[in-house]
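Working notes for the structure below.
Below, read A as the first sequence line, B as the second, and so on, with proteins coming before strands; counting in each chain starts at 1. Predicted model only: the values in this text are computed from it and were never measured.
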Protein chains: 2
Amino acid sequence: MTQAHISSEEEIKERTSGWLSRLAEQGYRITGSRRAVVDVLAEAGTSLSPAEIYEQGRALHKQLGLVTVYRTLEKLEELGLVQRVHRPDGCHAYIPALHGHEHLLLCQQCGRMEYFRGDDLSELSRRLEGESGYTIKDHWLQFFGLCAQCQ
Amino acid sequence: MTQAHISSEEEIKERTSGWLSRLAEQGYRITGSRRAVVDVLAEAGTSLSPAEIYEQGRALHKQLGLVTVYRTLEKLEELGLVQRVHRPDGCHAYIPALHGHEHLLLCQQCGRMEYFRGDDLSELSRRLEGESGYTIKDHWLQFFGLCAQCQ
DNA sequence: GATATAATTGAAAACAGTTTTCAATAACTG
DNA sequence: CAGTTATTGAAAACTGTTTTCAATTATATC
Ligand SMILES: [Mn+2]
Ligand SMILES: [Mn+2]
Ligand SMILES: [Zn+2]
Ligand SMILES: [Zn+2]
C-alpha cells in the first residue's frame with residue numbers, strides 16, 4: 001500500500017539531533033558550521049544545492065564558508081544520512097536520505113518534496129529481465145507534479 | 001506489454017540521416033564537425049558525455065573542437081533529437097531522444113543502454129495523487145543492472 | 001577552569017566542466 | 001565561382017567543486 005509522507009516538527013527535531021550524535025559518535029567534532037548545515041538540511045522541505053544550504057546556513061552561523069558546506073555534506077553522505085539527487089534543471093542537490101525502499105514526489109513549481117513507499121515494480125522488472133537478458137539490480141523512480149498549494 | 005529494444009544497423013543509418021536532414025531543414029549548415037557529432041551519438045550504444053563525444057568525434061573529423069560538440073548538442077536537443085540524462089556518477093550525458101513514453105535500462109558495468117516501453121504506473125500515480133494532494137504530471141523511471149554480456 | 005593537542009575552519013588558489021568572445025574559415029545561394 | 005553569412009576552433013571567461021594552508025576552536029586531560 002502506497003504511503004506519502006511529510007515530516008512533522010517532531011521528526012525534524014529528532015532527525016537533527018540524530019545526525020549530530022551520529023557525527024559525534026564517529027569522532028567528528030560538533031561545530032557551529034556543522035550544526036548550521038545539519039539544521040538547514042534536516043528541516044528542508046525541498047532538495048537544496050550546496051549554494052542554497054550555504055545561503056540559508058549563514059543565517060544561523062554568519063561566518064559559515066561554502067567549503068565547509070561541501071565538507072559536511074560529504075560526511076553526512078558517507079554516513080548515509082543525506083543523499084544527492086539530480087534535479088531536472090541539471091544541478092545537484094541534497095535531501096535527507098531515503099530509508100529502505102522509498103521514492104520521491106516533487107513539486108515542479110515550488111520544489112516541495114514528499115517521500116513515498118509502496119511502489120511495486122517487480123512484475124515490470126521481471127518482464128524486462130526476460131526480454132532483455134539483463135539482470136536488474138536497481139531502479140530510479142521519481143514523480144513530478146504540482147503540490148496542493150501550487151495548483 | 002513491455003518491449004525492450006536495441007537499435008539495428010538499419011535504424012542507426014536512418015537516425016543519422018534523419019538528424020542531418022532535420023538540421024538542414026532548420027537552416028543549419030551541414031559541416032564536418034556537426035556530421036561527426038551526429039555520427040557518434042546516433043550510433044551510440046551507451047550514453048555519452050560531451051568529452052566522450054569529442055574524443056570519438058575526432059576520429060571522424062580531426063579538427064573537431066569541444067566547443068562545437070556543445071553547440072551541436074544544444075541544437076540537437078532543441079530539435080528533440082537527443083536528450084540529456086543524469087548518470088549515477090553525477091556527470092551529464094546524452095542519448096538519442098526517447099520517443100513518446102519510453103524509459104531506459106542501463107548496464108552498470110559497461111554502460112550499454114536499452115529502451116523499453118510498456119510500463120504502467122497509472123495506478124500508482126493515481127493512488128499517490130489521492131494521498132498527497134499533488135497533481136502528477138510526469139515521472140522518471142530507470143532500471144539498472146547487468147547486461148547479458150556483463151553477468 | 002586552564003592547557004595541550006589535533007581536528008576544523010575560511011580564504012585563496014587550483015581544477016573541471018561549460019559558455020562566451022572573436023577573428024579566420026567554409027557552407028550554401030545565386 | 002564569388003559573395004554572403006553561418007560556423008568554426010582557440011583563448012578567455014565563468015561556475016561549481018576541490019585542494020592547500022595558516023589560523024582557530026572543540027575536545028580530552030589535568
Ligand atoms: Mn521502487
Ligand atoms: Mn513510464
Ligand atoms: Zn508546490
Ligand atoms: Zn554490460
Nearest-Å distance for atom pair NE2/P, residues H92(B) and dG17(C): 12 Å

Distance in angstrom units between L48(B) CG and dG17(C) P, rounded: 15 Å

Atom-pair distance (CG on L66(A); P on dC15(C)), nearest Å: 19 Å

Electrostatic pair R22(A):E25(A) at N-O distance under 4.0 angstrom: yes

Short side-chain N/O contact to dT9(C) OP1/OP2 from T31(A), under 4.0 Å: yes

Among dG9(D), dG10(C), dT8(C), the nucleotide that comes nearest once only the side chain of V67(A) is considered: dG10(C)

Short side-chain to backbone donor-acceptor contact, R15(A) and A42(A), under 3.5 Å: yes

Nearest-0.5 Å distance, CG of residue L104(A) to CD of residue E114(A): 10.0 Å

Under-3.5 Å donor-acceptor pair between R29(B) side chain and dT5(D) base: yes

Residue-phosphate contact under 4.0 Å: S49(A) side-chain N/O, dG16(D) OP1/OP2: no

side-chain N/O T68(B) vs dT7(D) OP1/OP2, d < 4.0 Å: no

Atom-pair distance (OH on Y28(B); P on dT5(D)), nearest Å: 18 Å

Protein-nucleotide distance (Y70(B), atom OH; dA12(D), atom P), rounded to Å: 19 Å

Residue whose nearest DNA chain C nucleotide is more 5′ - A51(B) or A24(B): A51(B)

Between dT18(C) (P) and E77(B) (CD): distance, integer Å: 12 Å

Donor-acceptor pair between H99(B) and H101(B) side chains, under 3.5 angstrom: no

Whole-Å distance separating the NZ atom of K75(B) from the P atom of dA27(C): 16 Å

Separation of dT19(D) P from R71(A) CZ (nearest whole Å): 10 Å

Among dA26(D), dT9(C), dG17(C), the one nearest R34(A) by side-chain distance: dT9(C)

5' priority, DNA chain C, between G32(B) and P50(B) [closest heavy atom]: P50(B)

N-O pairing of E52(B) and R87(B) below 4.0 Å: yes

